2 protein chains.
Amino acid sequence: MRKEILRRNTRQREIILEELRKVKSHPAANEVFRIVRRRIPNISFSTVYRNLNLLRDDGYVLELTCGKYSCRYDGTVSNHYHFYCLKCKRVFDIEGPVLKDMDKGVSKKTNFKVIYHRMDFYGYCKGCK
Amino acid sequence: MRKEILRRNTRQREIILEELRKVKSHPAANEVFRIVRRRIPNISFSTVYRNLNLLRDDGYVLELTCGKYSCRYDGTVSNHYHFYCLKCKRVFDIEGPVLKDMDKGVSKKTNFKVIYHRMDFYGYCKGCK
DNA sequence: TTAATTGCAAAACTTTTGCAACGCT
DNA sequence: AGCGTTGCAAAAGTTTTGCAATTAA
């Protein structure tokens, strides 16, 4: 990916990316902070935020937006979908094929460049329905 | 849609919904505030926020999450997808068939009750790519 | 050396909440 | 009357920024 400004390799950024790639969830910035602090106890919140923005700009992580507050970050390329229970508010992973064709279809239809998509199902889980 | 608590009709909520249905863009809460204030000059910010939440709970508007700050609101509830430009942050409606079959597929696979889904495409719009 | 990066604190910004007054029903 | 709603101000939560000190290249 294109870098607009020279980047220096720092332990902080390295470890943030490393941890983000390890985890299967999509942690919010404050959760990334909590995770990374286990390895760099005195890392600051702003360092985490700044590096998440740099990693996003450089294409190393995806920035997902899913709440009123808080972005979530995805260190993996492989996509999967989510199911949100309207009652108990839990979030479940949905296994199964990701519709990559949709991206091409939307690209053709709109003449936009589609990078990825997300799909969220809403309803009631086994215990709540 | 189901209302959990009795709602009273107020001029503020009425006008917020009215304006939201007029506009083709997907305004953030502060933009809704700006628009509505033209008709109710002394309306407060918190009234706008509270009513956007109520209208969302009652199914009258869609709450789109698309930035670090700020949700955006859509006065058209009928099913359609959205495209988010990663650069200019604008939101576009995607016309075209909604994949109702997916709901059934996920229902079968998970044994959850799927009510609806949303699909969000991310990338760069015509002017930004 | 030099300029990107860090940690800290404060600022900026969005959204929620507590409360007395107001106004639907 | 009863209680949902409003407007105001303050609080809460997330993200950014200013700055001196570090540190990678």
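Here the structure is a predicted model, which means the values were calculated and not measured. Just so it is clear: chains get the letters A, B, ... in the order the sequence lines come, proteins before strands, and each one is counted from 1.
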Side chain of [X] only, heavy atoms from C-beta on: which candidate in [options] is closest?
X      : options                 : result
S46(A) : dT6(D), dT5(C), dT16(D) : dT16(D)
S44(B) : dC8(D), dG7(C), dT15(D) : dC8(D)
Y49(A) : dT5(C), dT16(D), dG7(D) : dT16(D)

Heavy-atom count around K22(A) NZ within 6.0 Å, excluding the residue itself: above 12?
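Yes, the 6.0 Å shell around NZ holds more than 12 heavy atoms from other groups.
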R90(B) atom CZ, over 12 foreign heavy atoms within 6.0 Å:
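Incorrect, the count does not exceed 12.
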Tell whether R7(A) reaches the base of dA4(C) with its side chain through a donor-acceptor pair below 3.5 angstrom.
no
Give the rounded distance in Å between these two atoms: [atom1] of [X] and [atom2] of [N].
X      : N       : atom1 : atom2 : result
I16(B) : dG7(D)  : CD1   : C1'   : 13 Å
R11(B) : dC22(C) : CZ    : C1'   : 15 Å
R8(A)  : dA21(D) : CZ    : C1'   : 14 Å
E31(B) : dT14(C) : CD    : P     : 10 Å
L6(B)  : dT5(D)  : CG    : P     : 7 Å
N9(B)  : dC3(D)  : CG    : P     : 19 Å
E63(A) : dT15(D) : CD    : P     : 8 Å
D58(A) : dA4(C)  : CG    : P     : 14 Å

Between R56(A) and R13(B), just flag the one whose closest nucleotide in DNA chain D comes earlier from the 5' side.
R13(B)
For R50(B) and Y73(B), take the nucleotide of DNA chain C holding the closest heavy atom to each; which residue's nucleotide lies nearer the 5' end?
Y73(B)
Hey, would you say the Y124(A) and F112(B) ring centroids sit under 6.0 Å apart?
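For Y124(A) and F112(B), the ring centres are not under 6.0 Å apart.
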Distance below 4.0 Å between [X] side-chain N/O and [N] OP1 or OP2:
X      : N       : answer
Q12(A) : dG7(C)  : yes
N51(A) : dT5(C)  : no
N53(A) : dT16(D) : yes
N30(A) : dT14(D) : yes

Hey, what's the ring geometry for Y122(B) with Y84(B), parallel, tilted or perpendicular (30° and 60° as the breaks)?
parallel
Any base atoms under 4.0 Å from T10(B), or only sugar-phosphate, or nothing? Heavy atoms, all strands.
sugar-phosphate
Distance, nearest 0.5 Å, that separates CZ of F33(A) from CD of E19(A)
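Nearest 0.5 Å value for the CZ-CD distance: 13.5 Å.
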